[in-house]
Chemist: 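Questions regarding the structure given below will be posed in turn.
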Amino acid sequence: MCNTDVKSGTEMYTKLYPETSSDGVLRLGNIVPDFTADTTQGPMEWHKWIDGHWAILFSHPADFTPVCTTEIGRLALKYDDLKAKGVKLATLSADPVSSHTKWLDDVVAHCENKVTIEFPIIGDADRSIAVKYGMLDPSNKDGNDLPLTIRAVFIIGPDKKLKLSLNYPASVGRNMDEIVRCIDALQLSAKHSVATPANWPYNHDSIGKKGWAFLLPTVTPEDAKLHFPDHHSCKVPSGVDYLRLTDVSKLSLK
């Protein structure tokens with residue numbers, strides 16, 4: 001069994017990031033900008049809506065566009081899974097709510113699975129939220145062209161701090177499995193002093209440690225022995241004991 005009376009990865013590493021940006025650019029660790037907006041589910045006050053939960057802000061360039069239509073449909077298929085993980089989900093585009101409402105009929109009709117859209121879609125017709133979150137250059141805020149730069153994902157912790165962000169061009173649709181994987185990894189690190197390797201949870205299968213995660217460098221050798229007695233050290237030519245894997249199936253997220 002693993003005893004995890006050691007500081008979590010998030011607790012250790014968030015101390016490296018300032019809560020506010022000195023130049024107005026949103027970065028990891030910053031408290032995300034607050035806003036009020038109309039949505040497909042009524043008015044929203046963003047910080048109040050997060051209310052101590054994990055949250056995802058998922059933006060797309062525009063309604064009635066092909067890639068966005070498939071993304072919202074696939075995201076809807078992941079909604080119950082995200083909700084079960086305690087994650088609140090909202091999407092956004094630079095269109096009014098009236099446009100969202102009409103477009104959602106197409107989203108549902110095009111998705112090959114029977115879906116319902118149970119999360120709010122935020123109207124950002126004046127692009128003010130997009131500018132606050134760095135998804136759009138302020139010089140383009142009042143332009144009439146399609147705001148192609150705002151296919152973005154922001155994962156926000158219960159402390160309202162930005163934990164992860166992804167930016168995609170308009171021509172590349174996002175993988176919803178990757179977003180769920182990021183949530184799983186972030187929540188695991190938030191609770192325990194571990195970091196997930198590349199390709200987790202499909203890592204290290206060749207040595208029988210599939211899905212295991214690394215102990216953080218902040219875990220001392222003494223704490224590793226005491227709290228993670230079953231951890232495995234990968235041997236490397238340097239002889240430095242820093243690739244220390246632990247079985248995360250024994251770690252609780254509750």
Chemist: Under a 4.5 Å side-chain heavy-atom rule over Ile, Leu, Val, Met, Phe, Trp and Tyr, are Ile156 and Met44 clustered together?
Modeler: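 Same cluster.
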Chemist: Around Lys85, counting heavy atoms of other residues, nucleotides and ligands shown, do more than 12 lie under 6.0 Å from its NZ?
Modeler: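 Yes, NZ of Lys85 has more than 12 neighbouring heavy atoms, counting only those of other groups under 6.0 Å.
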Chemist: On a heavy-atom basis, which atom in Ala213 and which in Ala195 lie closest, and how many Å separate them?
Modeler: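 What the structure gives for the nearest pair is CB-O, 3.5 Å.
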Chemist: For Ala55 and Trp49, which heavy atoms make the closest approach, and how far apart are they?
Modeler: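 For Ala55 versus Trp49, the nearest heavy atoms are CB-CZ3, 4.5 Å.
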Chemist: Taking side chain as C-beta onward, heavy atoms only, is Leu186 less than 4.5 Å from Trp54?
Modeler: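 In contact.
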Chemist: Out of curiosity, Ile56 CD1 to Ile155 CD1, how far, rounded to the nearest 0.5 Å?
Modeler: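 Reported value, rounded in 0.5 Å steps: 5.0 Å.
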Chemist: Can you name the closest pair of heavy atoms from Ser21 and Arg27 and give their distance?
Modeler: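 Smallest interatomic distance, heavy atoms only, reads OG-NH1, 3.6 Å.
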Chemist: So, for Lys160 and His47, which heavy atoms are closest and what is the spacing to 0.1 Å?
Modeler: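 Heavy atoms only, the tightest pair is CE-O, 3.2 Å.
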Chemist: Please find the pair of heavy atoms, one from Pro197 and one from Arg181, that lie closest to each other, and give the distance.
Modeler: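 So the minimum-distance heavy-atom pair works out to O-NH1, 4.4 Å.
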Chemist: When you look at CG of Asp105, are more than 12 heavy atoms from neighbouring residues, nucleotides or ligands closer to it than 6.0 Å?
Modeler: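 Yes, CG of Asp105 has more than 12 neighbouring heavy atoms, counting only those of other groups under 6.0 Å.
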Chemist: Does a side-chain N-to-carboxylate-O contact under 4.0 Å join Lys250 and Asp230?
Modeler: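 Looking at Asp230 together with Lys250, the answer is yes, because their closest N to O distance falls below 4.0 Å.
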Chemist: Only one of Asp95, Asp63, Asp38, Thr40 forms a side chain to side chain donor-acceptor pair (under 3.5 Å) with His100, so which one is it?
Modeler: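 Between His100 and the candidates, side chain to side chain donor-acceptor pair (under 3.5 Å) is satisfied uniquely by Asp63.
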Chemist: Tell me whether Lys78 is salt-bridged to Asp177, with the criterion being a basic N under 4.0 Å from an acidic carboxylate O.
Modeler: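 Salt bridge flag = yes for Asp177 with Lys78.
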Chemist: Measuring only between side-chain heavy atoms, which start at C-beta, is Pro33 closer than 4.5 Å to Trp46?
Modeler: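 Not in contact.
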Chemist: Any chance you could measure Ile129, atom CD1, to Leu136, atom CG, to the nearest 0.5 Å?
Modeler: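 Those atoms lie 12.0 Å apart.
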Chemist: State, with a plain yes or no, whether a side-chain heavy atom of Arg74 is found less than 4.5 Å away from one of Asn113.
Modeler: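 Yes, close enough: below the 4.5 Å cut-off.
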Chemist: Test side chain to side chain contact (heavy atoms under 4.5 Å, CB included) on Thr39 and Phe119 and set out the steps.
Modeler: CA-CA 10 Å; Thr39 80; Phe119 45 86; over 6 Å; no
Chemist: Which pair of non-hydrogen atoms, one from Val115 and one from Ala76, has the smallest distance, and what is that distance?
Modeler: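 Heavy atoms of Val115 and Ala76 come nearest at CB-CB, 4.1 Å.
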Chemist: Measure up the Trp103 and His60 rings against each other and bin them: parallel (under 30°), tilted (30 to 60°), perpendicular (over 60°).
Modeler: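 It falls in the tilted class, 30° to 60°.
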Chemist: Between Val108 and Met176, is there shared hydrophobic-cluster membership here, with clusters defined by ILVMFWY side-chain heavy atoms closer than 4.5 Å?
Modeler: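 In one cluster with Val108: Met176, yes.
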Chemist: Check the angle between the aromatic planes of Tyr133 and Phe154 and answer parallel, tilted or perpendicular using the 30° and 60° thresholds.
Modeler: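 Answer is perpendicular, since the angle exceeds 60°.
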Chemist: Do the side chains of Phe35 and Ile31 join up, straight or via other hydrophobic residues, at under 4.5 Å, putting them in one cluster?
Modeler: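 No: no chain of side-chain contacts under 4.5 Å links Phe35 to Ile31.
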Chemist: More than 12 foreign heavy atoms under 6.0 Å from OH of Tyr202: is that the case here?
Modeler: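 At most 12 heavy atoms, drawn from other residues, nucleotides or ligands, come within 6.0 Å of this atom.
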Chemist: Examine Val32 and Leu57 and state if one hydrophobic cluster contains both, with Ile, Leu, Val, Met, Phe, Trp and Tyr joined whenever side-chain heavy atoms are less than 4.5 Å apart.
Modeler: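 Yes, one cluster joins them.
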Chemist: Can you confirm whether Phe58 sits close enough to Leu92 that some side-chain heavy atom of one is under 4.5 Å from a side-chain heavy atom of the other?
Modeler: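 Phe58 does not reach Leu92 side chain to side chain.
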Chemist: Could you tell me if the side chain of Val248 sits less than 4.5 Å from the side chain of Thr196, heavy atoms only?
Modeler: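 Not touching, per the 4.5 Å side-chain cut-off.
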Chemist: Under 4.5 Å between side-chain heavy atoms, hopping through other hydrophobics if needed: is there a path connecting Leu75 to Val172?
Modeler: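 Yes.
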Chemist: If the threshold is 4.0 Å, N to carboxylate O, is there a salt bridge linking Glu118 and Lys83?
Modeler: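 Salt bridge absent between Glu118 and Lys83.
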Chemist: Kindly compute the distance separating CG (Asn175) from CG (Leu166), expressed to the nearest 0.5 Å.
Modeler: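 Rounded to the nearest 0.5 Å, the CG-CG separation comes to 10.5 Å.
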Chemist: Report yes if the side chains of Cys111 and Leu77 come closer than 4.5 Å at any heavy-atom pair, otherwise no.
Modeler: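 Yes, side chains in contact.
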Chemist: Between atom OG of Ser93 and atom CZ of Arg151, what is the distance when rounded to the nearest 0.5 Å?
Modeler: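 The OG atom of Ser93 sits 11.0 Å away from the CZ atom of Arg151.
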Chemist: Rounded to the nearest 0.5 Å, what's the gap from OG on Ser59 to CD on Glu71? Could you check?
Modeler: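 With rounding to 0.5 Å, OG (Ser59) is 9.0 Å from CD (Glu71).
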Chemist: Contact between Trp200 and Asp184 at the side-chain level, heavy atoms closer than 4.5 Å - yes or no?
Modeler: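 The answer is yes; the side chains approach within 4.5 Å.
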Chemist: Let me confirm one number: the NZ-CG distance from Lys132 to Asp124, rounded to the nearest 0.5 Å.
Modeler: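 Answer for the NZ-CG pair, Lys132 versus Asp124, is 9.5 Å.
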Chemist: For a ring pair (Phe, Tyr, Trp, His ring centres under 6.0 Å) with Phe214, tell me which candidate from His231, His204, His192 qualifies.
Modeler: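 Exactly one pass, corresponding to His204.
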Chemist: Looking at side-chain heavy atoms only, is the closest gap between Thr91 and Ile122 below 4.5 Å?
Modeler: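 Side-chain contact under 4.5 Å: no.
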